[in-house]
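Notes follow once the structure below has been shown.
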Amino acid sequence: APEWDYRDTNRWIADYPTCGGAQQSPINLDHYNSVGSLKPALKFRNYAQPLAGRLTLVNNGHTADIMLPETIRGPRPTITGGLLNGIYEAQSVHFHWGSPGGGRGSEHTVNGYRYDVEVHIVHKNMIYGNVQEAMQRPDGLAVLAIMINIADFPQSFYPGLNRVFNTLPRVRAAETNATINSQLSLNHFLGDVDTRNFFAYRGSLTTPPCSEAVTWHVFPRPLLVSRDLVIIHPHNHICILFIFDADCKLLRAPTEKRRVSME
Ligand code: BO1
Ligand code: ZN
């Protein structure tokens with residue numbers, strides 16, 4: 001059995017005391033309770049760099065995770081700016097989504113609104129040696145959250161996201177892997193999201209150990225993708241799918257809300 005799951009998130013605190021902390025993510029990002037402040041734009045370096053010949057999509061029992069290989073040819077993709085001090089290197093990409101009939105799947109909400117899918121690009125502060133070490137530091141990690149909604153009339157086509165979603169059926173079972181045989185760059189996960197518009201706040205990992213080590217940048221303007229892009233796993237009862245319930249929301253109440261607008 002996995003060490004934790006989404007069915008009883010109230011138990012997280014018992015096994016991971018940090019999940020009861022005061023700066024827990026996700027939160028509802030509320031314009032009304034946010035503070036607008038001028039911040040430098042987020043800067044993306046090497047986001048167009050091909051990640052590798054092939055990428056491995058892993059069902060780790062909680063999510064579908066893409067670890068970026070250590071042996072990336074060329075320099076590592078990084079981000080700076082926004083609420084960040086320093087340079088943060090991309091480590092992994094994963095997804096949060098809902099179950100059919102079970103509601104939408106984003107973790108963060110904006111003015112109480114939940115999106116269909118939330119993509120997380122996890123970055124590590126360059127000054128720390130690895131993710132485990134960075135997780136112990138308040139400035140250790142930076143996660144970008146890209147929202148996706150299913151739309152009947154999508155505005156754009158996202159071939160990179162398409163290839164990832166098309167691979168999901170091959171990792172239905174926990175602890176299985178599949179190879180994505182195409183050249184992807186991190187730009188494929190950003191799509192054409194408006195990165196000038198973001199909420200930024202200091203919070204935590206959204207799952208155990210819930211370390212309060214994450215500076216979040218959440219882009220509220222969703223990518224619109226076509227239904228057939230994501231409904232390729234119609235009766236998925238595997239553990240990588242989850243729904244947030246009321247208890248979960250209560251448990252992980254908002255603690256800090258700050259809106260940073262670049263406009
Ligand atoms: S999230 O972005 O807040 N949903 C999030 C939640 C948990 C993790 C990462 C991001 N966990 C950590 C694992 C590490 C792993 C790292 C990078 O993810 O605890 O073992 O190296 O994927
Ligand atoms: Zn996540």
Side-chain angles (χ1 to χ4, degrees), residues 2-6 9 12 15-19 21 23-29 51 55-70 72 76-79 83-84 88-98 104-109 114-126 128-148 161 164 168 171 174-175 177 186 189-190 198-219 239-244 248-249 251-252 254-256:
E3 55 289 11
W4 58 268
D5 62 43
Y6 286 104
T9 51
W12 290 3
D15 295 334
Y16 307 90
T18 37
C19 294
Q23 278 198 76
Q24 287 291 293
S25 298
I27 60 173
N28 177 44
L29 299 153
L51 290 172
L55 284 179
T56 307
L57 185 70
V58 180
N59 177 346
N60 63 19
H62 305 301
T63 186
D65 196 35
I66 299 169
M67 301 292 291
L68 307 186
E70 287 297 328
I72 294 174
R76 254 184 189 275
T78 61
I79 53 170
L83 201 60
L84 303 173
Y88 287 73
E89 303 172 323
Q91 300 291 314
S92 59
V93 182
H94 65 264
F95 306 85
H96 301 272
W97 67 94
R104 319 187 96 181
S106 77
E107 296 202 301
H108 287 91
T109 54
R114 198 177 295 285
Y115 304 82
D116 287 319
V117 179
E118 185 168 336
V119 183
H120 287 163
I121 310 179
V122 182
H123 301 72
K124 172 189 74 65
N125 194 329
M126 256 186 77
Y128 302 123
N130 54 55
V131 174
Q132 297 310 319
E133 186 191 339
M135 275 166 50
Q136 323 287 323
R137 313 289 180 142
D139 61 351
L141 301 172
V143 183
L144 302 181
I146 298 108
M147 301 300 185
I148 296 180
L161 281 175
V164 174
L168 286 175
V171 294
E175 318 298 336
N177 298 351
L186 281 185
F189 298 99
L190 279 185
F198 56 77
F199 290 91
Y201 74 101
R202 293 184 220 285
S204 73
L205 296 179
T206 61
T207 61
C210 309
S211 319
E212 293 180 343
V214 181
T215 304
W216 282 95
H217 290 79
V218 179
F219 307 117
C239 42
I240 65 169
L241 297 186
F242 66 90
I243 314 158
F244 264 104
C248 179
K249 267 175 83 177
L251 176 66
R252 309 167 71 74
T255 51
E256 186 185 336

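Counting starts at 1 for both ligands and their atoms, in listed order. Position 1 is the first residue of the sequence; numbering continues from there.
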>> Determine whether any protein heavy atom is located less than 4.0 Å from atom 18 (O) of ligand 1.
In response: no

> Would you say Ser92 and ligand 1 have an N/O pair spaced under 3.5 Å apart?
Replying inline: yes

> Would you say Thr206 has any N or O atom under 3.5 Å from an N or O of ligand 1, going by distance alone?
Replying inline: yes

>> Taking 4.0 angstrom as the limit and counting only heavy atoms of His96, give me the atoms of ligand 1 inside it, by number and element.
In response: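 Counting atoms of ligand 1 from 1, those under 4.0 Å from His96 are 4 (N).
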
> Any idea which atoms of ligand 1 are less than 4.0 Å away from a heavy-atom of His94?
Replying inline: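 Near His94, meaning under 4.0 Å from one of its heavy atoms, ligand 1 has 1 (S), 2 (O), 4 (N), 5 (C), 10 (C).
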
>> Run Thr63 and Thr207 through side chain to side chain contact (heavy atoms under 4.5 Å, CB included) and show every step you take.
In response: CA-CA 11 Å; Thr63 186; Thr207 61; over 6 Å; no

> Going by heavy atoms, is Trp216 under 4.0 Å from ligand 1?
Replying inline: yes

> Is the closest heavy-atom distance from Thr207 to ligand 1 below 4.0 Å?
Replying inline: yes

> Which heavy-atom pair separates Glu212 from Gln23 by the least distance, and what is that distance?
Replying inline: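 Of all heavy-atom pairs spanning Glu212 and Gln23, the closest is OE2-N, 2.8 Å.
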
> In terms of ring plane angle, is the pair Phe189 and Phe95 parallel, tilted or perpendicular, where the classes change at 30° and 60°?
Replying inline: tilted

> Considering the options Asn177, Leu168, Val171, which one meets the side chain to side chain contact (heavy atoms under 4.5 Å, CB included) requirement together with Asn59?
Replying inline: Val171

Please list the nearest protein heavy atom to [atom] with its residue and the distance rounded to 0.1 Å.
atom                    : value
atom 20 (O) of ligand 1 : Gln132 NE2, 2.8 Å
atom 12 (C) of ligand 1 : Met135 SD, 4.4 Å
atom 5 (C) of ligand 1  : Leu205 CD2, 3.6 Å
atom 16 (C) of ligand 1 : Val131 CG1, 3.7 Å

>> Rounded at 0.5 Å granularity, tell me how far CD in Gln91 sits from NE2 in His123.
In response: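 Interatomic distance, Gln91 CD to His123 NE2, rounded to 0.5 Å: 9.0 Å.
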
> For Asp15 and Trp4, what are the C-alpha separation, side-chain angles and deciding distance, and is it a side chain to side chain contact (heavy atoms under 4.5 Å, CB included)?
Replying inline: CA-CA 9 Å; Asp15 295 334; Trp4 58 268; over 6 Å; no

> So which of the N, O or S atoms of His120 lies nearest the Zn ion (ligand 2)?
Replying inline: ND1

> Would Arg202 and Asp139 satisfy side chain to side chain contact (heavy atoms under 4.5 Å, CB included), going step by step from the backbone distance to the final call?
Replying inline: CA-CA 9 Å; Arg202 293 184 220 285; Asp139 61 351; over 6 Å; no

> His108 pairs by ring-ring contact (aromatic ring centres under 6.0 Å, His included) with which of Tyr115, Phe219, Trp216?
Replying inline: Trp216

